[in-house]
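Comments concern the structure below.
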Amino acid sequence: MMPNDIKATFSVPFAYPVCFTRNLFSLENRLLSDAFHLARDHRQTRALVFIDEGVAAARPGYADEIGPWFDGYASDAELVCPPHIVPGGEPVKNDYRLIMQLVDTLLEYRLCRHSYVIAIGGGAMLDAVGFATSMVHRGLRLIRVPSTTLAQNDAGVGVKNGMNLHGGKNTIGTFHPPFAVLNDLSLLDSLPFEHWIGGVSEAFKVAMIKDAAFFRDLCKDAACFRSRDTVAMERQIRRCAHLHVEHICSNGDPFETGSARPLDFGHWAAHKIESLSHYRIPHGAAVAVGLAIDAGYAERLGWIAPADYAALVKGLRDTGFCLWYPEVGRRFGGDLQLLEGLADFQEHLGGALCVTFPDGVGQKREEHTINREAMTESILSLRQWAVAESPA
Ligand SMILES: NC(=O)c1ccc[n+]([C@@H]2O[C@H](COP(=O)([O-])OP(=O)(O)OC[C@H]3O[C@@H](n4cnc5c(N)ncnc54)[C@H](O)[C@@H]3O)[C@@H](O)[C@H]2O)c1
Ligand SMILES: [Zn+2]
C-alpha cells in the first residue's frame, strides 16, 4: 500500500434462525409471525409467497391456507397477492428467463428492501427464487420454507443461490444469507420416493468427513429411510442441517473465498453426472454416486479402510440409491467423460484443484492432484451396483 492509499475494512455480522415445525400455515402456528418480529424496525411491510409447482400440485390445501393465515396473524406484513406458483426442480435453474420473471414479479408488486419473499419449495426452486431475491434492490428479505429432505438438511439452510448456465451447475449466483429458514416437516409426506431419500446422500457426505458417530447411525437407519420411517428421517435432517450450519458459521469462509470446499465432497462427480444426464438424474441421487466414487478412490489410496468403504456403499444402497447410470461409464475419445468434471470443478474453485476426501471416517483431507487411473478404477467398479434396492 502507498502511504496515501485508502484502506476500506469492515465486517458485517449475519444471523438467522433455522427452525423446525409442522403445518406452518395452520391457524394455531405462530412461527412465521415470530420470524417477522426478528426485524428490529417493526414497521408495516409487504410479503409475497412463491410456491414450487411440485408442492402446489401435491398439496393444494397448503397454498389455500396461506391467505387466511395472513388475515389472522400477520399484523406487520401484508400479503400483496395470492401465492405465485413457480416451476419446480432443475428446469427453473436452467432458464434465466424464468429467473427474470421472478425479478419482474417482485418489482411489479413494489417489494422494497424491508419486504419479505417467502419461498416454499425444493432446493432448485429455492436457489432460483433466492437468486432473484438477492438481485432486486440488491437484496430483499428471504424466508425459506424448504420442502424436500435435501432442501431441509442442506440446500435451504445455507447462504448460496444460483442457476445453471453454459452447460454447468451453479455457474452464476450470489451469496445472500436468508432472513430465516422454517423447515416444515409435514411437507415431506408428499415427496416421491427418489426425493424422499434425496437428502440422505448429503447426510452421508457431511457425516463421512465430519462426524463418525453420525455416519454409523446413518448406516444403521438406512433401511428405515427406505421404508419411509419419518422419525429416522427427521432425526437425520436435524443433525445434518446442524452440521451444515455449524460449518458455515465456524469455518471462517462462509462466502467461499478460499479454494477448499469440504462440503463439496463427492460433488465434482455429482455435478458432472447431473449435467451429462441433462438433469434427468437428480442432485441427491448424483451425490450418492459421487460419494461412492471418491470414497472408493480414498480406499484405493489407503485413506479409509475397506470396511468403511463397504459400509458407505451398503448404507447408500440400503437407503435405496442406485450407484451406476449409463452416464457414469460413458467414454469420449477413450477417456471417461465424467473425469472432465475435475477440470470443471477446478475452474469453479478458481484456478487450483482442491478435492476433499475422507481420511478415516469423520475426518477429511484435501488433495490437489488426482491419479486418473485409480479414479477410473473406482468409477468403473460401481458398475456392479446398477440396480437400486427397491423401496420397501
Ligand atoms: N444452495 C445450496 O447451498 C445448495 C446445496 C445443495 C443443493 N442445492 C441444489 O438443490 C437442488 C436439489 O434440490 P432438491 O433435492 O430439493 O430437489 P428439487 O428442488 O429439484 O425438487 C425435486 C422435485 O420435487 C418436487 N417437490 C418439492 N417439494 C415437494 C413436496 N413437498 N411434495 C411433492 N413434490 C415436491 C419439485 O417440484 C421437484 O419436481 C439442486 O439444484 C442443487 O444444486 C443447493
Ligand atoms: Zn449437494
Side-chain angles (χ1 to χ4, degrees), residues 24 50-63 85-94 119-131 133-134 142 144-164 168-178 181 183-206 233 237 240-241 244-245 247-248 254-256 261-275 279-291 345 348 356:
L24 182 65
F50 289 113
I51 302 194
D52 186 311
E53 69 181 351
V55 178
R59 353 182 32 110
Y62 200 79
I85 313 274
V86 177
E90 216 58 29
V92 73
K93 284 178 67 173
N94 283 334
I120 305 168
M125 179 270 192
L126 295 178
D127 273 357
V129 172
F131 187 26
T133 301
S134 72
L142 173 67
R144 296 201 196 107
V145 182
S147 67
T148 63
T149 56
L150 192 144
Q152 293 194 355
N153 75 1
D154 180 348
V157 302
V159 296
K160 295 191 276 185
N161 307 292
M163 65 166 294
N164 313 324
K169 280 277 292 184
N170 305 326
T171 35
I172 66 170
T174 53
F175 291 94
H176 180 62
V181 180
N183 273 339
D184 182 343
L185 295 160
S186 68
L187 283 170
L188 306 178
D189 304 344
S190 55
L191 285 171
F193 180 74
E194 66 173 343
H195 297 299
W196 164 260
I197 61 168
V200 178
S201 57
E202 300 283 9
F204 271 106
K205 168 199 78 178
V206 73
M233 188 59 87
I237 288 174
C240 181
H244 275 103
V245 170
H247 176 85
I248 292 166
F255 296 158
E256 300 182 347
R261 297 276 192 290
L263 294 181
D264 276 355
F265 162 44
H267 276 57
W268 70 265
H271 286 161
K272 194 68 187 175
I273 292 167
E274 288 180 78
S275 67
Y279 300 102
R280 174 183 57 82
I281 301 170
H283 184 70
V287 169
V289 184
L291 299 183
F345 191 61
H348 188 65
T356 300

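In this chain, numbering begins with 1 at the start of the sequence shown. First listed ligand is number 1; within each ligand, the first listed atom is number 1.
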Heavy-atom contacts with [X] under 4.0 Å: which atoms of ligand 1 show up? List them by number with element.
{"X": "Asp52", "value": "27 (C), 36 (C), 37 (O)"}
{"X": "Ser190", "value": "30 (C), 31 (N), 32 (N), 33 (C)"}
{"X": "Leu150", "value": "7 (C), 13 (O), 15 (O)"}
{"X": "Gly123", "value": "10 (O), 11 (C), 13 (O), 14 (P), 16 (O), 19 (O)"}
{"X": "Asp127", "value": "1 (N), 2 (C), 8 (N), 9 (C), 44 (C)"}

Where the closest heavy atom to [atom] is concerned, which of [options] has it?
{"atom": "atom 30 (C) of ligand 1", "options": "Val157, Val159, Leu191", "answer": "Leu191"}
{"atom": "atom 20 (O) of ligand 1", "options": "Gly89, Ser186, Gly130", "answer": "Gly89"}
{"atom": "atom 27 (C) of ligand 1", "options": "Ala285, Gly121, Ser147, Pro192", "answer": "Ser147"}
{"atom": "atom 11 (C) of ligand 1", "options": "Ala124, Ala270, Pro87", "answer": "Ala124"}

Original post:
Does Asp154, backbone or side chain, put an N or O under 3.5 Å from an N or O of ligand 1?
Top reply: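 N/O-N/O distance below 3.5 Å does not exist for this pair.
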Subject >> Heteroatom distance test (Leu187, ligand 1): nitrogen or oxygen, under 3.5 angstrom >> reply: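 Yes: some nitrogen or oxygen of Leu187 is under 3.5 Å from one in ligand 1.
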Original post:
Going by distance alone, is a donor N or O of one side chain under 3.5 Å from an acceptor N or O of the other, for His267 and Lys272?
Top reply: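 Lys272 and His267 do not have a side-chain donor-acceptor pair below 3.5 Å.
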Side chain, backbone, both or neither: which part of [X] comes within less than 4.0 Å of ligand 1 when only heavy atoms are counted?
{"X": "Arg59", "answer": "neither"}
{"X": "Glu53", "answer": "neither"}
{"X": "Ala155", "answer": "both"}

Original post:
Does at least one non-hydrogen atom of Lys93 fall below 4.0 angstrom from an atom of ligand 1?
Top reply: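 Yes.
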**OP:** State, to 0.1 Å, how close Val145 and Leu24 come at their nearest heavy-atom pair, and which atoms those are.
**Re:**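 For Val145 versus Leu24, the nearest heavy atoms are CG2-CD2, 3.8 Å.
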Original post:
Which heavy atom in Ser147 sits nearest to a heavy atom in Leu187, and how many Å separate them?
Top reply: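 Residues Ser147 and Leu187, closest heavy atoms: CB-CD1, 3.8 Å.
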**OP:** Report the protein N/O/S neighbours of the Zn ion (ligand 2) that fall below 2.8 Å; do not count waters.
**Re:**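 Under 2.8 Å from the Zn ion (ligand 2) - ignoring waters, which are not counted - the protein N, O or S atoms are Glu202 OE2, His267 NE2, His283 NE2.
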Original post:
Could Lys169 and Glu90 be called an ion pair, given the rule that one side-chain N must be under 4.0 Å from one carboxylate O?
Top reply: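 Salt bridge present between Lys169 and Glu90.
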